[in-house]
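Taking it in order: structure first as structure tokens, then the write-up.
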Amino acid sequence: MLPGRLCWVPLLLALGVGSGRGGGGDSRRRRLLAAKVNKHKPWIETSYHGVITENNDTVILDPPLVALDKDAPVPFAGEICAFKIHGQELPFEAVVLNQTSGEGRLRARGAIDCELQKEYTFIIQAYDCGAGTRAAAWKKSHKAVVHIQVKDVNEFAPTFKEPAYKAVVTEGKIYDSILQVEAVDEDCSPQYSQICNYEIVTTDVPFAIDRNGNIRNTEKLSYDKQHQYEILVTAYDCGQKPAAQDTLVQVDVKPVCKPGWQDWTKRIEYQPGSGSVPLFPSIHLETCDGAVSSIQITTELQTNYIGKGCDRETYSEKSLQKLCGASSGIIDLLPSPSAAMNWTAGLLVDSSEMIFKFDGRQGAKIPDGIVPKNLTDQFTITMWMKHGPSPGVRAEKETILCNSDKTEMNRHHYALYVHNCRLVFLLRKDFDQADTFRPAEFHWKLDQICDKEWHYYVINVEFPVVTLYMDGATYEPYLVTNDWPIHPSHIAMQLTVGACWQGGEVTKPRFAQFFHGSLASLTIRPGKMESQKVISCLQACKEGLDLNSLESLGQGIKYHFNPSQSVLVMEGDDIGNINHALQKVSYINSRQFPTAGVRRLKVSSKVQCFGEDVCISIPDLDTYVMVLQAIEPQITLRGTDRFWRPAAQFASARGVVLFPDIKIVSTFTKAEAPGDLRATAPKSAVLEEMLHNLDFCDILVLGGDLDPREECLELNHSELHQRHLDATNSTAGYSIYGVGSMSRYEQVLRHVRYRHWRPATLEARRFRIKCSELNGRYSSNEFNLEVSVLHEVRVSDEEHVNHLIVQPPFLQSVHHPESRVSVQHSSVVPSISTVVIIISVCMLVFVVAMGVYRARIAHQHFTQETEAAKEAEMDWDDSALTITVNPMEKHEAPGRGEDETEEEEEEVEEDISSSSSDSDDSDEEEVEEGTGRGRHGQSGARQAQLEWDDSTLPY
């Protein structure tokens with residue numbers, strides 16, 4: 001370049017260019033020279049295409065940025081001095097890299113962001129250097145268009161438009177697309193801004209997703225298997241950059257619309273004492289948009305496996321009869337085994353409710369005298385029976401109750417038996433009662449006889465009419481056969497249960513026609529029939545279905561209960577009212593201590609639609625009520641367990657009250673949380689009192705039975721009748737029974753008396769009380785009582801005289817009335833005076849003995865007259881009482897009360913009066929009057945002296 005420029009120097013010098021001479025002339029010459037030299041404009045391409053990577057400053061142009069000038073190699077005129085960009089606030093600039101070659105570069109002045117602008121278009125021109133360094137003489141090229149595209153960088157990750165997606169599908173279907181998820185990318189280029197792939201992150205789910213984000217199920221979904229699915233989905237752009245955060249897709253499985261009941265629970269818990277508990281508080285019927293014209297709902301409580309068909313009171317049959325107001329005189333043929341009624345001891349007992357199971361191999365003989373021979377023309381037989389089909393093709397008679405000849409013959413006087421699922425009652429009259437052809441066999445054919453369920457049977461006989469009540473419903477016999485009366489004979493009869501006694505026509509009498517099944521509460525009531533009200537009460541269930549708030553059932557709802565309230569039928573034409581009515585159905589158990597366990601429930605429905613008989617089928621609803629275990633009571637008997645009474649009180653007309661302060665308390669254990677909630681100590685147990693009934697209390701005599709010739713237990717029947725209780729008395733004790741409150745039993749027990757006509761032979765008697773609730777289900781403790789007899793101490797006449805003469809009054813001791821006084825003589829050989837004294841003493845002893853004898857006779861006579869009046873004052877608990885009289889008390893305590901002084905003075909006067917009574921009748925009367933006054937005036941003091949602590953005395 002330099003050599004070329006030197007070549008132009010002579011020419012320029014010749015033309016006068018560059019000379020400093022001439023001033024303004026030089027400028028003009030230079031301009032003229034430049035005009036002659038810079039003849040051409042620079043040249044560039046008409047258009048350029050460039051690419052710039054974002055966050056970079058270099059622009060790659062195609063073609064490269066180069067400007068040419070034809071004036072080259074003339075200095076300045078043929079050189080490129082600048083590139084100029086036309087546009088506002090363009091982030092680019094053009095720089096000249098080489099003025100001679102015209103090479104330039106386009107670059108960014110700052111960071112280029114594709115996301116802000118993807119392309120740029122602007123105008124660029126090239127400028128030569130003119131005649132010199134002054135820009136005014138520069139020539140510019142034509143305008144060229146530059147189009148620059150910003151190249152994207154994958155700097156952004158895909159993001160989902162929604163944070164979560166939700167869809168609902170119906171079970172049992174395969175969907176092409178359940179829902180579509182969509183993600184976006186903020187990058188500017190198609191490569192990085194487009195989502196090329198979606199992927200399900202959650203494993204082991206029956207779903208798939210395509211490139212467009214459509215989710216489908218790969219298998220049929222089941223609502224019963226899983227109600228809801230939650231899956232995570234991610235997205236990838238075309239640069240395979242994953243989403244910054246996965247999205248959650250929730251798919252709810254909707255069951256196929258099936259008509260049926262919704263929102264009910266399988267298990268319903270019942271706490272004893274809760275009253276009426278709703279069974280389906282939120283239930284409603286789904287009809288799948290069907291047009292329903294009417295609906296009928298049947299709710300059935302199935303309790304045939306609880307007790308005798310349902311939860312009933314488990315009191316003894318006599319107690320139940322009393323509760324229901326049945327007539328007296330009922331005879332229990334299947335009682336609980338006891339000493340007095342032991343014929344059921346060998347039978348199989350099915351449960352604690354005295355259910356007897358007969359397996360076809362055993363029967364029970366009722367002892368003679370339990371049931372009268374003549375039942376009269378009116379009597380009643382009641383029983384609970386569970387019986388199935390008879391075994392074998394040709395079934396034999398299965399005897400429930402039979403009265404047949406004990407020996408010689410085999411005649412059945414009356415019997416109740418099952419034959420081929422028919423209930424038959426046989427009644428044969430004697431010739432002395434009837435001598436004509438009369439009805440003898442009554443047959444009933446009922447499905448319930450062989451359905452293996454419990455049913456309550458009552459046979460009311462008002463001869464010749466016999467009526468059967470089963471579960472409270474009346475049934476007339478479908479067949480009645482007549483027969484002749486039985487010929488009179490003197491053969492004894494045998495009454496049996498579970499089989500019939502065959503006394504004749506066999507080599508050895510034996511049982512026959514055995515019963516297969518279960519029996520309970522088999523009774524017979526001679527001389528009277530039971531009313532329909534009593535029969536309904538005896539078989540009534542204590543649990544059943546109930547309806548809360550009948551007035552809120554709604555209009556158009558019809559309902560009906562069966563007699564035992566185990567079946568409820570409701571009918572209506574509005575689904576909303578039906579739903580509301582079924583929400584009011586409840587379970588109730590009125591027993592304080594119900595039988596715990598499961599009660600099954602079944603709800604069946606029948607729906608009718610407009611114009612059709614039956615349009616849809618509603619599946620049955622099967623659920624159950626769980627009756628929880630009741631709190632078990634602890635029955636406790638408390639009172640005085642030992643006391644003494646005078647012998648005379650045992651022999652009195654009223655005897656001795658055994659349990660004057662007996663108390664019956666029932667408690668249950670309740671867990672109590674500790675006061676400090678932060679403490680980790682276990683819960684403490686507290687006892688709370690509860691009230692309930694009792695059904696019997698037994699008073700047993702310990703140490704041998706009572707001797708009826710000398711002793712007995714007594715209780716006024718008025719005390720029992722006032723409290724609706726009954727009692728039986730025997731030599732083994734006293735049994736009070738009947739359903740009554742604990743306070744009633746307390747009042748009755750406090751009036752039980754014990755009498756003994758010969759108390760001199762008795763030292764003590766022991767008794768035991770035990771009470772029960774629910775026929776022994778809950779029993780009390782055994783309360784033992786010991787009653788001892790206070791015997792009067794009798795002394796001989798000589799000892800009594802010596803006591804009066806020799807022992808001074810202030811040396812008397814209550815504990816030693818038989819102490820003897822030894823008289824010491826001054827000489828061994830008696831003198832005459834000694835003999836005289838002895839004779840005088842003997843005479844005095846005789847006189848005093850007679851007086852004492854008459855005084856005691858008067859005293860005993862008066863005691864017997866006033867014993868009844870003093871009984872209330874003489875009954876106290878002196879189990880811990882000991883009375884001791886200080887012999888020196890009179891001299892050591894002169895200031896004691898007047899009552900004690902008067903008592904001693906009267907005792908001394910009594911002794912003096914007794915000793916001064918020789919044979920004078922008037923003196924004897926005075927002694928009796930003095931004795932009487934002493935008894936009246938000192939009744940309280942003498943009563944106290946009759947009892948003392950003899951626990952240390954030898955027997």
Side-chain angles (χ1 to χ4, degrees), residues 307-309 312-322 326 329-373 375 379-387 398-404 406 414-418 454-459 492-503 509-526 538 695-696 698 700 726-728 730 732-733 735 737-738 770 772 774-777 779:
K308 296 189 288 289
R312 294 181 170 90
E313 294 291 3
T314 55
Y315 294 117
S316 65
E317 189 61 24
K318 286 187 177 181
S319 298
L320 288 176
Q321 299 275 357
K322 189 83 173 179
I330 295 173
I331 303 170
D332 191 358
L333 300 180
L334 288 176
S336 302
S338 62
M341 297 176 289
N342 59 355
W343 62 85
T344 58
L347 300 179
L348 299 176
V349 180
D350 200 16
S351 69
S352 61
E353 300 179 5
M354 297 316 299
I355 296 175
F356 294 92
K357 186 175 182 180
F358 295 87
D359 57 1
R361 293 178 296 180
Q362 56 185 174
K365 291 183 180 181
I366 309 299
D368 296 339
I370 299 296
V371 179
K373 294 182 179 180
L375 297 179
F379 59 91
T380 302
I381 299 174
T382 65
M383 67 174 178
W384 284 97
M385 182 179 74
K386 182 170 73 171
H387 181 264
E398 298 180 53
T399 301
I400 300 170
L401 180 67
C402 180
N403 188 29
S404 59
K406 184 177 291 186
Y414 62 87
L416 180 64
Y417 60 90
V418 176
W454 280 104
H455 299 284
Y456 187 62
Y457 299 84
V458 177
I459 298 176
M493 292 179 289
Q494 177 65 61
L495 182 61
T496 56
V497 175
C500 196
W501 185 254
Q502 190 172 359
R510 56 181 175 84
F511 281 116
Q513 300 176 2
F514 292 95
F515 179 72
H516 297 78
S518 298
L519 296 174
S521 304
L522 178 60
T523 67
I524 190 167
R525 170 61 173 90
L538 290 174
D695 57 356
F696 71 82
D698 287 338
L700 303 178
D726 288 323
T728 57
S730 67
S735 180
Y737 61 90
K770 187 174 183 180
S772 161
L774 295 176
N775 202 23
R777 179 177 174 183
S779 298

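Atoms considered below: every heavy atom in the structure, side chains included; atoms not considered: hydrogens, waters and symmetry mates.
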Determine, stepwise, if the pair Met385 / Ile400 fulfils side-chain contact (heavy atoms from CB on, under 4.5 Å).
CA-CA 9 Å; Met385 182 179 74; Ile400 300 170; 3.6 Å; yes
Heavy atoms only: give me the nearest Trp454-Ser518 pair and the separation to one decimal.
CH2-CB, 3.6 Å
Within the 3.5 Å criterion, strictly below it, is a donor on Ser779 or Ser772 matched to an acceptor on the partner's side chain?
no
Pairing of Asp695 and Arg777 as salt bridge, 4.0 angstrom limit:
no
Taking atom NZ of Lys357 and atom CG of Leu519, what is their separation to the nearest 0.5 Å?
12.5 Å
Spell out, as yes or no, whether a donor-acceptor pair under 3.5 Å connects the side chain of Thr523 to the backbone of Asp332.
no
Are any of the side-chain heavy atoms of Ser521 and Leu334 separated by less than 4.5 Å?
no
Determine whether a donor-acceptor pair (N or O, by modelled atom type, separation under 3.5 Å) exists between the side chain of Trp343 and the backbone of Leu333.
yes
Would you please test Ile524 and Val371 for side-chain contact (heavy atoms from CB on, under 4.5 Å) and show each step?
CA-CA 8 Å; Ile524 190 167; Val371 179; 4.1 Å; yes
Identified ring-ring contact (aromatic ring centres under 6.0 Å, His included) partner of His387 from the options Phe358, Phe515, Tyr417:
Phe515
Thr344 side chain vs Pro335 backbone, donor-acceptor pair below 3.5 Å
yes
Do the rings of Tyr414 and Phe379 sit parallel, tilted or perpendicular, given the 30° and 60° boundaries?
tilted
Flag side-chain contact, heavy atom, 4.5 Å: Tyr457 against Ile381
no
What's the spacing between Thr399 OG1 and Gln513 CD if we round to 0.5 Å?
4.0 Å
Go through the steps for Val497 and Phe356 under the test side-chain contact (heavy atoms from CB on, under 4.5 Å), then give the verdict.
CA-CA 11 Å; Val497 175; Phe356 294 92; over 6 Å; no
Keeping Gln494 on the side-chain end and Cys402 on the backbone end, is there a donor-acceptor pair under 3.5 Å?
no
Quick one: CG on Leu347 to CD on Gln362, what's the gap to the nearest 0.5 Å?
5.5 Å
Using the side-chain contact (heavy atoms from CB on, under 4.5 Å) rule, pick out the option among Ile366, Leu416, Leu495 that qualifies with Asn403.
Leu495
Before giving the answer on side-chain contact (heavy atoms from CB on, under 4.5 Å), spell out for Thr380 and Val458 the whole-Å C-alpha distance, their side-chain angles and the decisive distance to 0.1 Å.
CA-CA 7 Å; Thr380 302; Val458 177; 3.7 Å; yes
Looking just at side-chain N and O atoms, do Ser735 and Asp698 make a donor-acceptor pair shorter than 3.5 Å?
yes
Parallel, tilted or perpendicular for Trp384 and Tyr456, by the 30°/60° rule?
tilted
So, taking the atom named CG in Leu700 and the one named NZ in Lys770, what distance separates them when rounded to the nearest 0.5 Å?
9.0 Å
Ignoring hydrogens and geometry, is there a side-chain-to-backbone donor-acceptor pair from Thr496 to Ala499 under 3.5 Å?
yes
Is the shortest heavy-atom distance from the side chain of Lys406 to the side chain of Met493 under 4.5 Å?
no
For Ala512, does its backbone N or O pair with a side-chain atom of Gln502 as donor and acceptor, under 3.5 Å?
no
